[in-house]
Enquirer: 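There's a structure below that I have some questions on.
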Amino acid sequence: MALLSGSASVSRYSVVPVVEDPGFERAGFREILPGSEVREAAGFVPLEPEAPYSAGHARWFFRVRIDTLRADPTAVKERVKELVRVEIEQGMGFVGPKKRKKLKELAEEELIVQSRPRTKIVEGCLDGATLWIGSTAKSVIGKVLEQLRRIGVSAEPRTPWLERGDPEIDDAVVETHEPGESVLGCRFLEALIEDREILFEPETGMVRLRTEDARITLSGAILPDLHRYIDRDARLLSAKLITGESTFRFDALPFRVSALRVDTEKHEHWTEQLDERLEKIAAVYDLLDRKYTEHAPRLLKA
């Protein structure tokens, strides 16, 4: 689910101040060398081999490559069993928790030497004052933002309540944990139930809610049950939404879009493809921004 192809899961950030030349090459990716004690490596690579990062005035496309070296958990368990058996055969009648922990660390070190790194690639676009990250996974986003800080690019979540300066709201059901998250997102998603421009998928829907006691997931024809839960003061966390042109999942607290179906024309060059996809991704966020502004007076009074 990236920027360039497939369904798009995209997080949006603001860049302050705008950077004239980020210099991605200064934090380029370097592989983990065999025998190294390094367990994780991350850095920038172009979207295509040897392609420039720059794609126009104040616009850069990039990828962050993250290599992680970890031993396979199943293999570790099997190796620990072997090591425990050896200890018992050598006269140790009982292998306690502390000893097992040391044996597990030994097994992991042994197996890591034989392992190859697992690679994750995250696509991104720095477009003037806007940063697009091709992921909605918090752990991945954190690594991308860390790499950007290495080259002097500072980004913060871009949500309509932050841009408007709307006040923070406490809630007895939902807590916020990450920067930029707000209960206003839950109220906004609930307001969309009655909206005519952005609709909840009526037949193959998917909704996550939170009550005081539990998290609830609804799927299929969700609307009848959804209204019942809302009447019982449940909070909407995410939902599958549709517009005239798009289907996507909206995560309310952080104001993020995922599983966005993006249909484009065929293009000769990947940059043209990416330009059109980003335009349509931005259009979805712009629509959500506009709808939030329309509903904001009601949300702040609730």
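The model shown is predicted, which means the values in this text are computed figures rather than measured ones.
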Enquirer: Any non-hydrogen side-chain atom of L278 less than 4.5 Å from a side-chain atom of F61?
Expert: yes
Enquirer: Looking at E203, is its backbone amide N or carbonyl O close enough to the side chain of E201 to form a donor-acceptor pair, meaning the two atoms are under 3.5 Å apart?
Expert: yes
Enquirer: Say whether L126 and V18 are linked into one hydrophobic cluster, either directly or through other cluster members, by side-chain heavy-atom distances under 4.5 angstrom.
Expert: no
Enquirer: So among L192, V174, L209, which one has a side-chain contact (heavy atoms from CB on, under 4.5 Å) with L236?
Expert: L209
Enquirer: Given the rule in the side-chain contact (heavy atoms from CB on, under 4.5 Å) test, do E190 and H295 qualify, once you have shown the distances and angles that lead to the verdict?
Expert: CA-CA 10 Å; E190 181 180 341; H295 291 288; over 6 Å; no
Enquirer: Would you indicate whether D170, at its atom CG, is surrounded by more than 12 heavy atoms from other residues, nucleotides or ligands within a distance under 6.0 Å?
Expert: no
Enquirer: Test salt bridge (charged side-chain N to carboxylate O under 4.0 Å, His left out) on E123 and R277 and set out the steps.
Expert: CA-CA 13 Å; E123 296 172 352; R277 284 176 61 85; over 6 Å; no
Enquirer: Group every Ile, Leu, Val, Met, Phe, Trp and Tyr by side-chain heavy-atom contacts under 4.5 Å, then state whether L103 and I88 land in the same group.
Expert: yes
Enquirer: Would the distance check show the side chain of W161 and the main-chain N or O of E181 forming a donor-acceptor pair, the cut-off being under 3.5 Å?
Expert: no
Enquirer: Kindly indicate whether the side chain of D251, heavy atoms from C-beta on, has any atom under 4.5 Å from the side chain of R208.
Expert: yes
Enquirer: Would you mind listing every salt bridge (Lys or Arg N to Asp or Glu O under 4.0 Å) that reaches into residues 47-56, with sequence neighbours excluded?
Expert: none
Enquirer: Can you tell me how far the OG atom of S14 sits from the CG atom of L131, to the nearest 0.5 Å?
Expert: 9.0 Å
Enquirer: Using side-chain heavy atoms (C-beta onward) and a distance below 4.5 Å, is L189 in contact with L241?
Expert: yes
Enquirer: Under 6.0 Å from the NZ atom of K280, do we count more than 12 heavy atoms belonging to anything else shown?
Expert: yes
Enquirer: What verdict does the side-chain contact (heavy atoms from CB on, under 4.5 Å) test give for L69 and V38, after you've listed the backbone C-alpha separation in whole Å, the side-chain angles of each residue and the deciding distance to 0.1 Å?
Expert: CA-CA 8 Å; L69 194 57; V38 174; over 6 Å; no
Enquirer: Do other residues, nucleotides or ligands put more than 12 heavy atoms under 6.0 Å from R70 CZ?
Expert: no
Enquirer: Test E156 against L162 for side-chain contact (heavy atoms from CB on, under 4.5 Å), laying out the working first.
Expert: CA-CA 10 Å; E156 59 185 25; L162 289 177; over 6 Å; no
Enquirer: Between E146 and K143, does the salt bridge (charged side-chain N to carboxylate O under 4.0 Å, His left out) criterion hold? Intermediate values first, please.
Expert: CA-CA 5 Å; E146 179 182 350; K143 293 183 184 301; 5.7 Å; no
Enquirer: Please report the C-alpha distance between R290 and E294 in whole Å, then the side-chain angles of each, then the deciding distance to 0.1 Å, and finally whether the salt bridge (charged side-chain N to carboxylate O under 4.0 Å, His left out) criterion is met.
Expert: CA-CA 6 Å; R290 177 168 60 82; E294 291 178 9; 3.2 Å; yes
Enquirer: Please determine whether salt bridge (charged side-chain N to carboxylate O under 4.0 Å, His left out) holds for the pair E82 and R79, giving the CA-CA distance in whole Å, both sets of side-chain angles, and the decisive distance to 0.1 Å.
Expert: CA-CA 5 Å; E82 293 176 2; R79 182 56 180 153; 2.9 Å; yes
Enquirer: Looking only at non-hydrogen atoms, find the nearest pair between S9 and S258 and report the distance.
Expert: OG-CB, 3.3 Å
Enquirer: Is the side chain of S182 donor-acceptor paired with the backbone N or O of G185 at a distance under 3.5 Å, no angle test?
Expert: no
Enquirer: Please name the pair of heavy atoms, one in P179 and one in P157, separated by the smallest distance, quoted to 0.1 Å.
Expert: O-CG, 3.3 Å
Enquirer: Show the nearest heavy-atom pair for residues F200 and A239, with the distance to one decimal.
Expert: CE2-CB, 3.5 Å
Enquirer: Nearest 0.5 angstrom please: K291 NZ to I198 CD1, how far?
Expert: 6.0 Å
Enquirer: Would you indicate whether the side-chain heavy atoms of F248 and K240 approach each other to under 4.5 Å?
Expert: no
Enquirer: In this structure, would V284 and W132 fall into the same cluster of hydrophobic residues linked by side-chain contacts under 4.5 Å?
Expert: yes
Enquirer: Can you find a pair of side-chain heavy atoms, one from V144 and one from S135, that are under 4.5 Å apart?
Expert: no
Enquirer: Closest approach of L184 and P167, non-hydrogen atoms and distance?
Expert: CD1-O, 3.9 Å
Enquirer: Taking side-chain contact (heavy atoms from CB on, under 4.5 Å) as the criterion, tell me which of I281, T159, L288, D289 meets it with R12.
Expert: D289
Enquirer: Distance check, rounded to the nearest 0.5 Å: H227 atom NE2 versus R232 atom CZ?
Expert: 13.5 Å
Enquirer: Is the shortest heavy-atom distance from the side chain of F24 to the side chain of L148 under 4.5 Å?
Expert: yes
Enquirer: Is R298 salt-bridged to E194, going by a charged N under 4.0 Å from an acidic O?
Expert: no
Enquirer: Hey, is OH on Y229 packed in by over 12 heavy atoms from elsewhere, all under 6.0 Å?
Expert: no
Enquirer: Among the clusters formed by ILVMFWY side chains lying less than 4.5 Å apart, do V173 and I216 turn up in the same one?
Expert: no
Enquirer: Work out which heavy atom in T119 is nearest to a heavy atom in D67; give both atom names and the distance.
Expert: OG1-OD1, 2.7 Å
Enquirer: Would you sort out whether E245 and L287 count as a side-chain contact (heavy atoms from CB on, under 4.5 Å), showing the intermediate values?
Expert: CA-CA 12 Å; E245 298 182 353; L287 174 59; over 6 Å; no
Enquirer: Any non-hydrogen side-chain atom of R249 less than 4.5 Å from a side-chain atom of M206?
Expert: yes
Enquirer: Working to the nearest 0.5 Å, report the span between CG of L237 and SG of C186.
Expert: 5.5 Å
Enquirer: To check you understand the geometry: which heavy-atom pair defines the closest contact between Y285 and S11, and what is its length?
Expert: OH-CA, 3.9 Å
Enquirer: In terms of hydrophobic clustering (I, L, V, M, F, W, Y; side-chain heavy atoms under 4.5 Å; direct or indirect links), are F250 and L218 co-clustered?
Expert: yes
Enquirer: Ignoring hydrogens and geometry, is there a side-chain-to-backbone donor-acceptor pair from R261 to T247 under 3.5 Å?
Expert: no
Enquirer: Calculate, to the nearest 0.5 Å, the distance between atoms CZ and CD1 belonging to R118 and I66 respectively.
Expert: 14.5 Å
Enquirer: Does CD belonging to E175 count more than 12 external heavy atoms closer than 6.0 Å?
Expert: no
Enquirer: Tell me if the centroids of the rings in W60 and F44 come within less than 6.0 Å of each other.
Expert: no
Enquirer: Mind checking the CD1-CG spacing from I133 to L145? Nearest 0.5 Å is all I need.
Expert: 4.5 Å
Enquirer: Compare all side-chain heavy atoms of R158 with those of E163 and state whether any distance is below 4.5 angstrom.
Expert: yes
Enquirer: Taking NZ, NE, NH1 and NH2 as the nitrogens, is one of them in D275 or R59 under 4.0 Å from a carboxylate oxygen of the other?
Expert: yes
